[in-house]
Colleague: 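Pasting in a structure now, in structure tokens, and then I'll have a few things to ask.
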There are 2 protein chains.
Amino acid sequence: MQSIADIFLFLLETYMRKKRTTIYDIAEKLNLTASCVSRALNNSNYVSEKTRALVLKTAAELNYKRNILATNLRNGHSKTIGIVVPRINQNFFSNIIAGIEEATYEKDYNLVICQSNEEHEKEVKCINTLINQQVDCIVISISADGHDYQHLKNVIDHGIQLIQFDRVVDELETLKVINDNEQASLEAVSHMIEQGYGRIALLEGPQHLSIFKQRKAGYLAALKKYNLPVIHELIVKNAWTKELGAKATRKLLSLSNPPDAVFASTSDFSALGVLEVATDIGFKVPEQLGICGYSNEAFTEITSPSITTIDQYSFFMGKTIANLYFEEMNIKEIAIQPKTISIKPNLIIRSSTSKKSTETK
Amino acid sequence: MQSIADIFLFLLETYMRKKRTTIYDIAEKLNLTASCVSRALNNSNYVSEKTRALVLKTAAELNYKRNILATNLRNGHSKTIGIVVPRINQNFFSNIIAGIEEATYEKDYNLVICQSNEEHEKEVKCINTLINQQVDCIVISISADGHDYQHLKNVIDHGIQLIQFDRVVDELETLKVINDNEQASLEAVSHMIEQGYGRIALLEGPQHLSIFKQRKAGYLAALKKYNLPVIHELIVKNAWTKELGAKATRKLLSLSNPPDAVFASTSDFSALGVLEVATDIGFKVPEQLGICGYSNEAFTEITSPSITTIDQYSFFMGKTIANLYFEEMNIKEIAIQPKTISIKPNLIIRSSTSKKSTETK
DNA sequence: TTGTATGCGTTATCAC
DNA sequence: GTGATAACGCATACAA
């Protein structure tokens, strides 16, 4: 009975579970101990060059691959950075990820990427998964529909470095990498005013997210700077998808005194909604209606007319995030100082706001 | 001397390394053993309901999070799927990822995502990292510039399930999920012919990748079906980025006998290049030049005119990939049977090929 | 320079 | 139903 099971197990071992070679296998072959092999593999100084060479050679022969699971368990970290974004298929976020990747690539860090789909519940689950995974750092731009940040506090309580970017929770004292949204919005709206637009509508995002508050502040600051009145019927709440932008535009353009420009502070997607509706209804862009979006999505360049927008240097931002982590990692302070890095975005002027110039391409 | 070090370590422990609670902490508090706690946490049947409830309650109180590293080390797998794609910020790939994510979400699988940036060397490194990470499965669409597939064989040798999708290596006997590229291309080109286009150019991709071979075969099949001649000067090699598509178009449109349509079999990006150049030069689309792309990128809907393209059901494809893995995972065969799932893509007819209909929106 | 012993946090397999 | 123990693969303090 026993022997049959043995034979079965032997077959299993042999044919199925191609067993990975471990440092013990190498040690055995070389009449060494595992610890010595381990040292050789880890560039320790306490191994003779001869032994090291031998170990390396044998490791290659046996197709040895270090078991990172064991290494990480032993070391208490995973050399992994978790990233939580609302959606990876938005230009801004995929560039952030690409930037982080470039900076972490040579340092042998892994990226685990999660999408929250803008759902708070999913975001919480992502965070928990990442904590379980023992990631060393969590990089997050929070989803729009959540007001409870217990899960983020939880990250900190687990001793995991937390870096917020773009959509950050102000109250939480963490590392932050953001754009200077207010300044950028001020510039964008100022530009529109200088182009001759006087009744500029604002599509605003959820005001519990500071980025949208800041963009609104920039809008208001520009009006104030040029002594223009704040017209409340031109400020539309929560117009931050293409559909909501389109809906808002239909309403705005049917006003008895419609706006002559729209600052879609929420995203280029809402700006696209504006453009489509305006074109449909017969409003000429930029002559009768100026449009400015936010984020420099790839499509803003190929619409007709092309859309003025704000580039957030997202790739650079990603690199900044990664480097910030590596810097802070080396600081052995008792308490990590919260720190905020602000990146100045860049206004890209295109056709959709070029009222003065005659060329409309 | 010893005591000073002790005190230092104590301080370290206390103030810095917020130690995670383990099953031992729970066991201690409840006067149980770790193994019993473990069982309670794992829905084992060999625990009294009372104990289980107690353990669960205490775990929550102590903010216990299971250490997946340890679990995985113990179990010999990581419940992780590695994905290697050329770029995550292309619609097709981000949808694939989203589809895989949806299917793996409830099964508590993690996704580790790598970009090869179309570079073979980077792809090899990604693969090695994923092998090190002990992923259970690697899902890959190979980069364009590689001809050596040793790294993929290495995956198989490590007993890791390998699933290829879209751009697959035919010779490698693995699980594959692909589109029926030939059929889709046949339909697309047939549609163009039926619209009245007679001199249809082909922008082809690297022919060592089977997907591009298949698309070319579909193009040729359509010509044959309608008894149209194959005109070699209308077939352009390696025109598979926007820039290369633009370059090819400039050349094509300056021929003494230029094409009246272009099938950009490589991607919508190359199709966009075609559209921009054609518009620049003054060729009317679709009246003088029909254009068909491939992949249904989001922007194809908002160009003017909108671009006819082929939707690959990428999201569904992602789900198919994940489900294929879960199915095969349960088969305990000695050798896994290679299997190919082919998904029929969908031709989306838009303005850029609508020569017959008068509405050009 | 090498070997010995121990632990990282979990889970499987016993025995009780 | 619960407890004791070993093992997953690796890395380090310590002894030799």
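Lettering follows sequence order; numbering is per chain, from 1. Here the structure is a predicted model, which means the values were calculated and not measured.
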Colleague: When the distance from CD1 of Ile23(B) to P of dG9(C) is rounded to whole Å, what number comes out?
Modeller: 10 Å

Colleague: For Ser48(A), answer base if it contacts any base atom (sugar-phosphate contacts may also be present), sugar-phosphate if it contacts only those atoms, and nothing otherwise; contact means non-hydrogen atoms under 4.0 Å.
Modeller: sugar-phosphate

Colleague: Please report the end-to-end axis angle for the helix from dT1(C)-dA16(D) to dC16(C)-dG1(D), five pairs per end, rounded to 10 degrees.
Modeller: 40°

Colleague: Rounded to whole Å, how long is the line connecting atom CD of Glu28(B) with atom P of dG3(D)?
Modeller: 14 Å

Colleague: Answer with base, sugar-phosphate or nothing: what part of the nucleic acid does Asn31(A) contact at a heavy-atom distance below 4.0 Å?
Modeller: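 Since only primed, P, OP1 and OP2 atoms lie under 4.0 Å of Asn31(A), the category is sugar-phosphate.
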
Colleague: Could you tell me which non-hydrogen atom of Ile142(A) sits nearest to which non-hydrogen atom of Arg167(A), and how far apart they are?
Modeller: O-NH1, 2.9 Å

Colleague: Take atom OH of Tyr46(A) and atom P of dA15(D), then tell me their distance rounded to the nearest Å.
Modeller: 15 Å

Colleague: How close do Leu175(B) and Glu328(B) get, counting heavy atoms only, and between which atoms?
Modeller: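 Smallest interatomic distance, heavy atoms only, reads CD1-CG, 3.5 Å.
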
Colleague: Is any side-chain heavy atom of Leu152(B) closer than 4.5 Å to one of Val169(B)?
Modeller: yes

Colleague: Find the distance Tyr24(A):OH to dT4(C):P and express it as a whole number of Å.
Modeller: 11 Å

Colleague: Select base, sugar-phosphate, or nothing to describe what Arg39(A) touches, counting heavy atoms under 4.0 Å on all strands.
Modeller: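 Touches a base.
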
Colleague: In whole angstrom, give the distance that lies between atom CG of Asn67(A) and atom C1' of dG9(C).
Modeller: 14 Å

Colleague: Between the side chains of Gln161(A) and Asp136(A), is a donor N or O closer than 3.5 angstrom to an acceptor N or O?
Modeller: no

Colleague: Specify the separation, in whole Å, of atom CG of Leu73(A) and atom C1' of dC8(C).
Modeller: 4 Å

Colleague: Looking at Glu123(A), is its backbone amide N or carbonyl O close enough to the side chain of His151(A) to form a donor-acceptor pair, meaning the two atoms are under 3.5 Å apart?
Modeller: no

Colleague: Measure NZ/Lys50(B) against C1'/dT2(D) and give the value in whole Å, please.
Modeller: 13 Å

Colleague: Given Ser141(A), which of Asp166(A), Val168(A), Ile96(A) fulfils the side-chain contact (heavy atoms from CB on, under 4.5 Å) condition?
Modeller: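 Only one of Asp166(A), Val168(A), Ile96(A) forms a side-chain contact (heavy atoms from CB on, under 4.5 Å) with Ser141(A), namely Asp166(A).
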
Colleague: Within the structure provided, determine whether His77(B) and Met329(B) are in side-chain contact (heavy-atom separation under 4.5 Å).
Modeller: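 No, every pair of side-chain atoms sits at 4.5 Å or beyond.
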
Colleague: Classify the nucleic acid contact of Ser38(A) as base, sugar-phosphate or nothing, counting any heavy atom under 4.0 Å across all strands shown.
Modeller: base

Colleague: Check every strand shown and say whether Leu32(A) touches a base, only sugar-phosphate, or nothing at a heavy-atom separation below 4.0 Å.
Modeller: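 The answer is sugar-phosphate, as Leu32(A) gets under 4.0 Å only of primed atoms, P, OP1 or OP2.
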
Colleague: Take atom CG of Asn75(A) and atom C1' of dG9(C), then tell me their distance rounded to the nearest Å.
Modeller: 14 Å

Colleague: Taking for each residue the nucleotide of DNA chain D with the nearest heavy atom, is it Val37(B) or Arg74(B) whose nucleotide lies nearer the 5' end?
Modeller: Val37(B)

Colleague: When you check the phosphate oxygens OP1 and OP2 of dA11(D), does a side-chain N or O of Arg66(A) lie under 4.0 Å from one of them?
Modeller: yes

Colleague: Looking across every strand, which nucleic acid part, if any, lies under 4.0 Å from Asn72(A) by heavy atom: base, sugar-phosphate, or nothing?
Modeller: nothing

Colleague: Look at all strands and tell whether Ser35(B) reaches a base, only sugar-phosphate, or nothing, counting heavy atoms closer than 4.0 Å.
Modeller: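 Result for Ser35(B) = base.
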
Colleague: Quick one: which of dC10(D), dT11(C), dT10(C) gets closest to the side chain of Thr71(A)?
Modeller: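 So the nucleotide nearest the side chain must be dC10(D).
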
Colleague: Is there a donor-acceptor contact under 3.5 Å from the side chain of Thr22(B) to the main chain of Tyr24(B)?
Modeller: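 Yes, the answer is positive, given that a donor and an acceptor are paired below the 3.5 Å cut-off.
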
